[in-house]
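Have a look at the structure below before the remarks.
Side chains are part of it too, since the values below use all heavy atoms of this structure and drop only hydrogens, waters and symmetry mates.
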Amino acid sequence: MKLTALLSLCLLTICLLPPLGAGQTGDDVTISLQVPYYLGKSREGVRPGSQLQALFCIENRGQDEAAPTVLIKLPPGFTLAGKSDNWQVIQQAQGYVLERHTGLAGGYSQWFDLLTIQLSDAVTPGIYTITISDGRQTRQAPVTVIATGRTLGNAAAGIEDIILPLDRDGKNDERLSRNTLVLRDKRWDYYKNVVNGKGASNLEVEALHPITHMKLIVKNPAEQQKLVVITAQLLDANSHQPVSGLFTPGTTGEDKDAGSLGGHEDRLVAFAALTGEPRQSVQLPVYVKEQLLAGGQYILRVIMEDEFAPPVVQETVITVVKKDMKAIAVIGLAAIILLVALLVAVRRIRSVLTTLKTRWLVTVALFGAAAFAVVTVPSTLLNDFFHILMGPFGFIVTGLFHSILLYMMIVALVILIPRPGVIALMLIVRLMLGMLAFGQISPIILLSYGINGLLLETLMYGSGMYRYLQSANAAAGLNWRQIACLALICGVSDSLASYVSLQGLSVLYRMYYADWYVYLLLLVNGFLYTAIGAVCGVRLGSRLCRVGGD
């Protein structure tokens with residue numbers, strides 16, 4: 001019993017004793033200095049006249065506050081680059097000494113700093129020692145200075161090129177021209193999220209997703225390793241005045257002024273590390289406030305700066321594409337006109353059909369089936385193939401099918417059966433066969449076919465072409481004026497229908513095209529090929545009239 005009581009008393013005494021080293025702040029405070037601290041690949045050493053990075057860290061793992069004084073002793077020929085608000089630089093006979101009084105709270109606290117140390121050109125190759133001490137503990141870090149066999153020069157780093165738009169993997173977006181920003185239309189995102197079952201989400205949080213990425217090609221002839229601050233800002237193309245639009249994440253809502261880069265609501269600011277490569281790519285996400293920007297051309301100014309060198313400025317002209325009301329107005333007007341035309345056609349369909357003979361209806365159906373076979377099938381099957389070979393200019397080949405051949409058959413049918421409604425019936429047959437064979441049904445296809453048929457029927461009837469072809473004068477053939485009128489009617493109809501389709505793609509599917517591409521597509525595929533097909537259709541229709549008669 002006495003032995004048990006004695007052991008219990010000893011155990012209680014040990015538990016009540018303070019921990020070993022309690023009250024000795026130095027045992028709970030650790031310091032470290034990682035030098036050279038490489039921002040990129042590690043090297044064998046540093047060369048005379050260059051800069052090196054030193055990462056200093058101090059931690060207090062004790063429960064009490066600590067206020068140690070840290071001294072960093074640099075060897076001769078080493079000095080702190082630039083000015084520092086955190087360290088006091090003391091010059092001594094043996095070299096410079098960096099001193100700092102730190103205050104660390106108890107319960108674990110940490111403070112670190114990245115120092116830039118400049119080597120003198122007169123430093124000879126060898127091994128030098130940097131010493132760090134807080135009065136209780138001392139650490140030493142060796143630095144190897146080597147002689148370089150080639151002269152790197154002292155040329156400052158610069159921005160060689162700005163590349164955008166890119167995806168998050170750094171690949172070019174082939175759908176867009178270079179230096180193009182396509183803004184998202186987020187006015188209906190709240191309702192889209194509710195309809196899709198996503199719920200009422202925080203749109204400010206969703207706005208922090210980058211709209212695209214850009215790449216900076218940085219040339220670094222001196223192969224320096226350092227941290228730089230990159231600032232991107234938009235300028236007006238005419239006045240060169242700053243324009244709001246870009247922003248830095250962490251500057252909206254509850255995260256306003258968050259982080260060291262917070263508070264930049266009119267520019268994009270980011271840190272980047274130069275790894276010492278002669279030519280380096282730096283990729284940055286681009287955050288845009290869509291409601292502050294309008295479509296048009298802007299100047300993108302990118303500034304790269306640090307505290308040891310003058311700022312580097314690079315500018316490039318970019319095009320901002322924003323869905324405007326023009327496309328919506330075009331689609332809305334086309335849909336309203338087509339809807340009214342359908343209502344009128346439903347009321348007059350019986351009277352139109354009664355004027356057409358049965359053999360004419362069979363002929364119209366045969367022309368529609370032939371148009372499906374020689375136009376829809378080849379263009380559908382070969383579209384992707386020619387797109388791979390010719391890229392966006394694949395329409396030059398596919399236009400031979402759905403412009404020249406199609407309108408050659410349409411004009412031939414009009415000459416053979418000059419009655420209102422035959423073009424619309426032929427297009428309906430072709431549309432239905434395409435829907436059954438390839439599943440070609442979408443709002444864009446319905447709108448394109450409808451507008452095309454409506455324009456052709458309206459212009460043919462309004463120009464008096466139907467009446468002229470029904471008259472006895474048509475037996476003598478068409479002169480160049482009637483042929484030019486047919487070519488103009490077909491070219492205008494197909495161009496307007498193609499323009500409506502492109503506007504529909506931008507509204508419904510967010511597929512945007514450069515202006516020059518739209519004009520080229522309308523000129524070549526919409527008008528030129530169609531006019532050629534109309535002229536060929538006149539000759540084909542004349543021969544069919546001679547063979548078949550009435």
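- Under the ring pair (Phe, Tyr, Trp, His ring centres under 6.0 Å) criterion, no residue pair touches residues 213-233, with sequence neighbours excluded.
- Considering only residues two or more places apart in sequence or on other chains, Phe112 meets the ring pair (Phe, Tyr, Trp, His ring centres under 6.0 Å) condition with none of them.
- When all heavy atoms of Ala272 and Ile230 are compared, the pair lying nearest together is CB-CD1, 3.7 Å.
- Applying the side-chain hydrogen bond (donor to acceptor under 3.5 Å, both in side chains) test to pairs two or more places apart or on separate chains, those with a residue in residues 293-306 are Lys226-Asp306, Arg301-Glu315.
- Here the side chains of Ile217 and Ile159 are not in contact, with every heavy-atom distance at 4.5 Å or above.
- Side-chain N or O atoms of Gln283 include none that pairs as donor or acceptor with a backbone N or O of Lys215 at under 3.5 Å.
- Judged as a side-chain hydrogen bond (donor to acceptor under 3.5 Å, both in side chains), and not counting sequence neighbours, Thr319 has no contacts.
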**Request:** Quick one: do Gln314 and Ile162 satisfy side-chain contact (heavy atoms from CB on, under 4.5 Å)? Show the steps, please.
**Result:** CA-CA 8 Å; Gln314 180 72 16; Ile162 304 173; 3.8 Å; yes
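- Heavy-atom neighbours of Phe438 CZ from other residues, nucleotides or ligands within 6.0 Å: above the threshold of 12.
- Asp161 meets the salt bridge (Lys or Arg N to Asp or Glu O under 4.0 Å) test with Arg178; sequence neighbours excluded.
- In this structure, OG1 on Thr79 lies 9.0 Å from CD1 on Ile117, to the nearest 0.5 angstrom.
- The side-chain contact (heavy atoms from CB on, under 4.5 Å) test with Val143 is passed by exactly one of Ile127, Leu74, Val46: Val46.
- Looking at Leu523 and Leu521, their side chains never come closer than 4.5 Å, going by heavy atoms from C-beta outward.
- Partners of Gln110 according to the side-chain hydrogen bond (donor to acceptor under 3.5 Å, both in side chains) rule, which considers only residues two or more places apart in sequence or in another chain, are Glu59.
- For the pair Gln233 (side chain) and Val243 (backbone), a donor-acceptor distance under 3.5 Å is absent.
- The side-chain hydrogen bond (donor to acceptor under 3.5 Å, both in side chains) check on Tyr96 picks up nothing, with sequence neighbours excluded.
- Interatomic distance, CG of Asp113 versus CG of Leu55, reported as 8.5 Å (0.5 Å rounding).
- In this structure, the separation between CG on Asn86 and CD on Glu99 is 13.5 Å, given to the nearest 0.5 Å.
- Listed by chain and residue number, nothing satisfies the salt bridge (Lys or Arg N to Asp or Glu O under 4.0 Å) test with Glu277 (two or more places apart in sequence, or in another chain).
- Residues Leu71 and Ile132 are not in side-chain contact: their nearest non-hydrogen atoms beyond the backbone lie 4.5 Å or more apart.
- At least one side-chain heavy atom of Leu522 sits under 4.5 Å from a side-chain heavy atom of Val518.
- In terms of heavy-atom proximity, Val70 sits nearest to Ile58 at CG2-CD1, 4.0 Å.
- The backbone N or O of Arg47 lies less than 3.5 Å from a partner atom in the side chain of Ser50, making a donor-acceptor pair.
- A distance-only check finds no donor-acceptor pair linking the side chain of Glu290 to the backbone of Leu183 [under 3.5 Å].
- Legend: ring pair (Phe, Tyr, Trp, His ring centres under 6.0 Å) pairs involving residues 44-69, not counting sequence neighbours, sorted by first then second residue: Phe56-Trp87, Phe56-Trp111.
- The closest side-chain heavy-atom distance from Leu181 to Val321 is not below 4.5 Å.
- Nearest approach of Leu284 to Ala270, heavy atoms of both residues: CD2-CB, 4.1 Å.
- The side-chain hydrogen bond (donor to acceptor under 3.5 Å, both in side chains) search around Ser501 returns Ser448, not counting sequence neighbours.
- No more than 12 heavy atoms of other residues, nucleotides or ligands lie within 6.0 Å of OH in Tyr37, so this atom counts as exposed by the packing criterion.
- Judged as a ring pair (Phe, Tyr, Trp, His ring centres under 6.0 Å), and not counting sequence neighbours, the contacts of Tyr128 are Phe78.
- Leu502 contributes atom CG, which lies 8.5 Å from atom OH of Tyr499 (distance to the nearest 0.5 angstrom).
- Leu505 has its side chain within reach of Ile444: a pair of non-hydrogen atoms, C-beta onward, lies under 4.5 Å apart.
- In this structure, Arg168 has no salt bridge (Lys or Arg N to Asp or Glu O under 4.0 Å) partners at least two apart in sequence or on a different chain.
- Summarising the geometry of Thr212 relative to Leu166, their closest heavy-atom pair is OG1-O, 3.0 Å, with the distance given to 0.1 Å.
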**Item:** Check against side-chain contact (heavy atoms from CB on, under 4.5 Å), Thr131 and Leu33
**Value:** CA-CA 9 Å; Thr131 305; Leu33 183 68; over 6 Å; no
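- There is a side-chain donor-acceptor pair under 3.5 Å between Thr116 and Gln53.
- Between Val500 and Ala334, the shortest heavy-atom distance links the atoms CG1-CB, 4.0 Å.
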**Message:** Before you tell me yes or no, could you show the steps for Gln88 and Arg100 under side-chain contact (heavy atoms from CB on, under 4.5 Å), namely the whole-Å CA-CA distance, both residues' side-chain angles and the distance that decides it to 0.1 Å?
**Reply:** CA-CA 6 Å; Gln88 180 183 359; Arg100 173 178 172 80; over 6 Å; no
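- Counting heavy atoms from C-beta on, the side chains of Thr231 and Val302 never come closer than 4.5 Å.
- Side-chain contact between Leu268 and Tyr287: present, with at least one pair of heavy atoms (C-beta onward) separated by less than 4.5 Å.
- Judged purely by atom type and a 3.5 angstrom limit, Gln118 uses its side chain to pair as donor or acceptor with the backbone of Gly49.
- Panel note: side chain Ser379, backbone His402; no donor-acceptor pair is recorded below 3.5 Å.
- The structure places OG1 of Thr30 at 9.0 Å from CG of Asp134, a figure rounded to the nearest 0.5 Å.
- A donor-acceptor pair under 3.5 Å is absent between the side-chain atoms of Thr129 and the main chain of Gln140, judged by distance alone.
- Listed for the Asn60 side chain is a donor-acceptor partner under 3.5 Å among the backbone atoms of Gly62.
- Within a 6.0 Å radius of CG in Leu381, other residues, nucleotides and ligands contribute more than 12 heavy atoms.
- Residue Ile163 holds its CD1 atom at 9.0 Å from CG of Leu216, rounded to the nearest 0.5 Å.
- In summary, of the residues considered (Leu300, Asp266, Ile299), a side-chain contact (heavy atoms from CB on, under 4.5 Å) with Leu234 occurs for Leu300 alone.
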**Message:** Could you walk me through whether Ile31 and Gln137 satisfy the side-chain contact (heavy atoms from CB on, under 4.5 Å) test, starting with their C-alpha distance in whole Å, then the side-chain angles of each, then the deciding distance to 0.1 Å, before giving a yes or no?
**Reply:** CA-CA 8 Å; Ile31 58 175; Gln137 50 187 327; 4.0 Å; yes
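- Heavy-atom minimum distance, Ile396 versus Leu400: O-CG, 3.9 Å.
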